[in-house]
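Below you'll find the structure, written out as structure tokens, and then a few comments.
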Amino acid sequence: MPPVPAAPRAGPVRPSAPRSPGRSRVPASAVRPPAGSASVREQFALGEDALAADGQVNRSWKPLGELAQVCATVSRHTAPPDQLHACAADLMAFAWQQTGRGELFLRLQRLEPFATYPLEVYAAMAAAGLRHPGYEAATAAVARTRGWQLTEQEPTRRLGVLNAEIRSGIRESDAMPQALRRTWLAGLPEPWTFEASSGYSLTHVVFPLTDWGRAGPGGVPPDLADYLADWLPPWLDTCLDAGMWDLGCELLAVAASLPLLPERDVLQDAWARIAAVQHPSGAIPEQGGGTDHDSGPDFLSHYHPTLMAAFAATLTTGRLDDGTRAGTHHRPGGQGVLG
């Protein structure tokens, strides 16, 4: 999928001192599920410009692909009798229907054979078992070309494309480690250099490494897992202090993708603060002090953090339900200015 727009950059985000723990429960009960009305669902629908050369991908394919990505993970981590499982399956069926049961991917591939975003959206649906053999065959032919394989991409985008290729059955690749080592996160940078853009960068390293939470925490290399165990909690706290709810929810999803969860008090406090800015409909703003409850939330500024909250809550509750210990004693690894 196209990269998530980063929050406005205002210089480095300074890790703050630990906050006192909140009194909320852990995610599932702290964050209400978003309203599933038909009117909200239809805002994810592809418009007439879905195949247009000048179509706005960020307003059409991107939201639909992110909906599918989250639904695939929620379905994987919930049982069929669960209401959330049924909701995710229903929304995934809606997303698949929007693509003409995959036919639009084939048409889009013929129009833009070297565009990667159709494959990234398709991979999310393939993760749920929704396949279009014609599209896969056409894309696999292009993926064998040097033109495709040598296209210059940002390292995080490269990781996402490689994950999409594997998930869609387009081709296997051993290029993930090489792409990983070119990322900001793999360099174990000084923690005080963290800012919003690097925050989104690190989340889009962990997501493909863990197949968006579907493959478990084993995909995160130990050195990165140890580094994030040290520094993700203060980064999360600082982002929430700054009202960066979208990035905060992504960081919570990363936290739930690590071998060791953060301290339970960290999770409780973070989810309480996110719940405090949630609209009665369930929507969460990208940033700021929340939405005026007298008016409905704007779709484009609320859909992504709302999806990320559902994504992070599903991963976190799944880890806790599996007996993963939060707050296991973790000795800081010394990464930092002198690390």
Side-chain angles (χ1 to χ4, degrees), residues 6-7 9 11-22 26-27 155-156 159 176-177 179-210 213 215-242 244-274 308 311-312 315-316 318-320 322-339:
R9 296 179 60 171
V13 178
R14 310 293 183 184
S16 58
R19 297 175 62 91
S20 58
V26 203
T156 52
L159 283 173
M176 290 281 276
L180 171 63
R181 290 302 158 189
R182 294 180 54 227
T183 64
W184 181 88
L185 177 60
L188 307 179
E190 298 85 353
W192 50 265
T193 64
F194 174 90
E195 56 184 348
S197 59
S198 50
Y200 282 110
S201 174
L202 79 84
T203 64
H204 284 71
V205 169
V206 174
F207 294 163
L209 289 179
T210 61
V220 183
D223 59 333
L224 303 191
D226 288 345
Y227 176 79
L228 289 171
D230 286 343
W231 298 113
L232 189 142
W235 291 340
L236 171 64
D237 181 63
T238 302
C239 288
L240 296 180
D241 271 348
M244 298 178 180
W245 312 114
D246 184 66
L247 180 52
C249 288
E250 288 204 12
L251 292 175
L252 278 168
V254 168
S257 302
L258 301 177
L260 291 179
L261 293 177
E263 297 280 346
R264 185 175 293 268
D265 287 348
V266 172
L267 296 176
Q268 288 178 327
D269 179 58
W271 284 105
R273 293 157 75 183
I274 290 170
M308 290 299 100
F311 176 52
L315 294 180
T316 305
R319 295 291 303 285
L320 294 176
D322 289 342
T324 301
R325 291 179 295 171
T328 301
H329 291 295
H330 169 74
R331 183 175 181 178
Q335 300 94 348
V337 177
L338 302 178

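- The two residues Thr183 and Pro155 have their closest heavy-atom pair at CG2-CB, 3.7 Å.
- For the pair Val266/Asp237, no side-chain contact is recorded, criterion being any heavy-atom separation below 4.5 Å from C-beta on.
- Once rounded to the nearest 0.5 Å, the distance linking CG of Leu202 with CG of Leu251 reads 6.0 Å.
- A distance of 9.5 Å separates CG in Asp230 from CH2 in Trp235, rounded to the nearest 0.5 Å.
- Arg264 has no carboxylate O lying under 4.0 Å from a charged side-chain N of Asp269, or vice versa, which leaves the two without a salt bridge.
- Looking at Thr156 and Trp184, their side chains never come closer than 4.5 Å, going by heavy atoms from C-beta outward.
- Without hydrogens or angle criteria, Tyr227 side chain to Pro189 main chain gives a donor-acceptor distance under 3.5 Å.
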Review point. Under the side chain to side chain contact (heavy atoms under 4.5 Å, CB included) criterion, do Leu247 and Met308 qualify, and how do the steps go?
Key: CA-CA 9 Å; Leu247 180 52; Met308 290 299 100; over 6 Å; no
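- Expressed to the nearest 0.5 Å, how far CG of Leu228 lies from CG of Leu260 amounts to 12.0 Å.
- In this structure a side-chain-to-backbone donor-acceptor pair under 3.5 Å is missing from Ser201 to Ser197.
- Remark: the backbone N or O of Ala255 is not paired with any side-chain donor or acceptor of Arg319 at under 3.5 angstrom.
- Counting heavy atoms from C-beta outward, Thr193 and Ser198 have side chains that stay 4.5 Å or more apart.
- Side-chain contact between Leu159 and Phe207 is absent, with no heavy atoms from C-beta onward closer than 4.5 Å.
- Atom OG1 of Thr238 is separated from atom CE of Met244 by 9.5 Å, given to the nearest 0.5 angstrom.
- Partners of Thr203 according to the side-chain hydrogen bond (donor to acceptor under 3.5 Å, both in side chains) rule, which considers only residues two or more places apart in sequence or in another chain, are Glu250.
- Side-chain contact between Leu320 and Leu261 is present, with heavy atoms from C-beta onward closer than 4.5 Å.
- For the atom pair CG of Leu224 and CG of Leu185, the computed distance is 4.5 Å after rounding to the nearest 0.5 Å.
- At distances below 3.5 Å, at least one donor-acceptor pair connects side-chain atoms of Thr210 with backbone N or O atoms of Val206.
- Counting heavy atoms from C-beta outward, Pro221 and Leu180 have side chains that approach closer than 4.5 Å.
- To the nearest 0.5 Å, the span separating CG on Leu252 from CG on Leu236 amounts to 5.0 Å.
- Cys239 has its side chain within reach of Phe194: a pair of non-hydrogen atoms, C-beta onward, lies under 4.5 Å apart.
- Here the side chains of Leu258 and Pro217 are not in contact, with every heavy-atom distance at 4.5 Å or above.
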